[in-house]
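What you see is a predicted model; the values in this text were computed from it and never measured. Counting starts at 1 for both ligands and their atoms, following the listed order. Basis for what follows: all heavy atoms, side chains included, without hydrogens, waters or symmetry-related copies.
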Amino acid sequence: MILTGTTGLAGVIGWPVAHSLSPRLHNFWLEALGIDGAYIPLAVKPENLSLALWALPALGFKGANITVPHKEQALALVEKSDSFAKRIGAVNTIRVDEKGRLIGSNTDAYGFIKNLKSEARHWRPSRPVLVLGAGGAARAVCVALLSVGVREIRICNRTHSRAEGMAEEIGGPLVALHWGDREDAAEGVGLLVNTTKLGMTGAPKLRMPLTKLPPSAIVNDIVYTPLMTPLLASAGERGNRIIDGLGMLLHQAQPSFTAWYGKKPKVTQALRNHVLGG
Ligand code: ATR
């Protein structure tokens with residue numbers, strides 16, 4: 001790839017950022033669609049975030065993704081943001097508009113629902129959902145679920161006050177339950193989502209007894225390293241439909257790409273293979 005003065009630049013801003021799969025993903029689409037563009041990892045320390053964001057228009061960037069730990073701070077720095085970003089309290093995509101303004105959005109909720117619907121077409125929002133965790137990822141998942149009309153979301157988090165705070169802030173049919181009650185909380189749900197880091201390579205295992213989980217329930221882990229987490233493995237063994245965490249990452253990237261480059265890329269098996277290729 002030859003970069004020129006007219007190459008359309010975008011990137012991902014994080015700290016650290018080396019682990020991010022987004023460059024593999026967006027550069028695959030740029031190449032597949034024959035677009036003169038480049039997507040670059042940008043390691044930016046938290047104290048430099050405002051300087052980095054304000055430099056994007058000056059450097060001619062079309063925009064950027066924002067990742068850990070900057071998503072919340074970015075919301076306060078952009079000039080405008082969409083309703084998902086406001087409700088989630090975080091920005092994961094910035095587009096530089098024609099006037100050089102920073103327009104923030106959050107595509108995580110879209111990515112979660114789009115992935116869920118494409119992996120489990122039979123899923124309906126009528127049954128309760130159990131969400132494990134109450135961090136940034138949980139907020140995006142809850143806002144996504146509410147946007148499609150889920151009537152009851154049970155949140156189990158190790159720190160109960162955080163679950164209560166999230167339920168209060170987001171509003172709607174969110175119920176904060178104790179971490180110790182997660183086994184019982186699975187009774188009658190149509191969907192179980194792990195949004196904690198438990199089960200990720202290097203993190204402790206998630207201990208989630210599935211005895212009360214209906215056999216018809218879908219289990220979605222947003223952890224994608226490994227793809228087959230211990231939670232998904234045990235859910236799959238007892239016959240539950242399982243959805244891994246990579247799909248949400250791929251689907252959240254699509255509206256960001258479209259915002260910068262004006263074309264709608266496809267989430268395909270070839271993309272999955274490329275992103276996993278290491
Ligand atoms: P993110 O923004 O990616 O969601 P986060 O805000 O750090 O990350 O949230 C991490 C989630 O994993 C939280 O729900 C956290 O629980 P606490 O609110 O009690 O910290 C959960 N988590 C992390 N380590 C955990 C552990 N050992 N046991 C249970 N939950 C854990």
Side-chain angles (χ1 to χ4, degrees), residues 12-22 44 46 49 65-76 84-93 104-113 115-116 129-146 153-170 174-186 192-210 219-227 229-232 234 244-253:
V12 54
I13 297 180
W15 185 262
V17 80
H19 65 282
S20 173
L21 294 177
S22 295
V44 173
L49 184 66
N65 281 130
I66 309 297
T67 189
V68 179
H70 302 314
K71 289 186 184 188
E72 287 79 16
Q73 206 192 332
L75 178 66
F84 276 110
K86 286 185 191 133
R87 202 156 182 214
I88 296 167
V91 156
N92 80 333
T93 303
S105 58
N106 193 309
T107 66
D108 287 331
Y110 168 87
F112 174 76
I113 286 295
N115 183 47
L116 175 63
V129 178
L130 172 58
V131 173
L132 303 178
R139 291 182 76 99
V141 167
C142 288
V143 168
L145 291 168
L146 293 178
I153 304 178
R154 303 170 186 166
I155 305 155
C156 278
N157 193 50
R158 178 182 56 178
T159 311
H160 185 61
S161 57
R162 208 171 170 204
E164 284 179 318
M166 186 176 88
E168 202 167 301
E169 269 178 54
I170 294 178
L174 272 67
V175 193
L177 302 171
H178 288 277
W179 184 242
D181 294 335
R182 62 194 182 285
E183 180 176 6
D184 290 344
L192 162 65
V193 189
N194 173 45
T195 74
T196 74
K197 305 219 168 44
L198 300 175
M200 192 185 276
T201 310
K205 192 178 162 193
L206 169 63
R207 299 199 183 282
M208 175 66 211
L210 298 177
V219 179
N220 186 178
D221 203 328
I222 69 159
V223 168
Y224 55 81
T225 47
L227 273 185
T229 61
L231 171 68
L232 292 183
S234 44
D244 69 50
L246 186 62
M248 178 181 174
L249 177 84
L250 303 183
H251 283 285
Q252 63 76 36

Next on the checklist: Given 3.5 Å as the limit, does a donor-acceptor pair link the side chain of T195 with the main chain of L132, or not?
Outcome noted: yes
Checklist entry - Is there side-chain contact between L227 and L232, with heavy atoms separated by less than 4.5 Å? => result no
Checklist entry - What protein heavy atom sits nearest atom 17 (P) of ligand 1, and how far off is it? => result T159 OG1, 3.4 Å
Checklist entry - Do any nitrogen or oxygen atoms of A138 come within less than 3.5 Å of a nitrogen or oxygen of ligand 1? => result no
Checklist entry - ligand 1 and L198, any nitrogen or oxygen pair closer than 3.5 angstrom? => result no
Checklist entry - If you take all heavy atoms of M208 and L130, which pair is closest and at what distance? => result CE-CD2, 4.1 Å
Checklist entry - Numbering the atoms of ligand 1 from 1, which are under 4.0 Å from a heavy atom of W179? => result 29 (C)
Checklist entry - Hey, is ligand 1 close enough to R162 that some N/O pair sits below 3.5 Å? => result yes
Item to check | T229 side chain to D221 side chain, donor-acceptor N/O pair below 3.5 angstrom | outcome: yes
Next on the checklist: Only heavy atoms of G135, strictly under 4.0 Å: list the atoms of ligand 1 that pass.
Outcome noted: 4 (O), 6 (O), 9 (O), 14 (O)
Checklist entry - Side chain of R139, backbone of I88: donor and acceptor closer than 3.5 Å? => result yes
Next on the checklist: Using only atom types and a distance under 3.5 Å, with no angle test, would you say the side chain of T159 pairs donor to acceptor with the backbone of R162?
Outcome noted: no
Next on the checklist: Return the closest protein heavy atom for atom 10 (C) of ligand 1 as residue, atom name and distance.
Outcome noted: K197 NZ, 4.0 Å
Checklist entry - So, the side chain of Q73 versus the backbone of H70: is there a donor-acceptor pair under 3.5 Å, distance only? => result no
Item to check | Within-cut-off N or O pair, T196 and ligand 1, under 3.5 Å | outcome: no
Checklist entry - So which of D108, N157, L132 gets nearest to atom 14 (O) of ligand 1, if we judge by its closest heavy atom? => result N157
Next on the checklist: Tell me the protein heavy atom at minimum distance from atom 2 (O) of ligand 1, and give that distance in Å.
Outcome noted: G136 N, 3.1 Å
Checklist entry - Got a donor-acceptor contact below 3.5 angstrom from the N115 side chain to the H251 backbone? => result no
Checklist entry - Considering only the protein, which heavy-atom contact is closest to atom 27 (N) of ligand 1, and what is its distance? => result R158 NH1, 3.3 Å
Item to check | Flag side-chain contact, heavy atom, 4.5 Å: D108 against K71 | outcome: yes
Checklist outcome for this item: Under 4.0 Å between heavy atoms, the region of A137 that gets near ligand 1 turns out to be both
Checklist entry - Near G133, which atoms of ligand 1 are under 4.0 Å from a heavy atom of that residue? => result 14 (O)
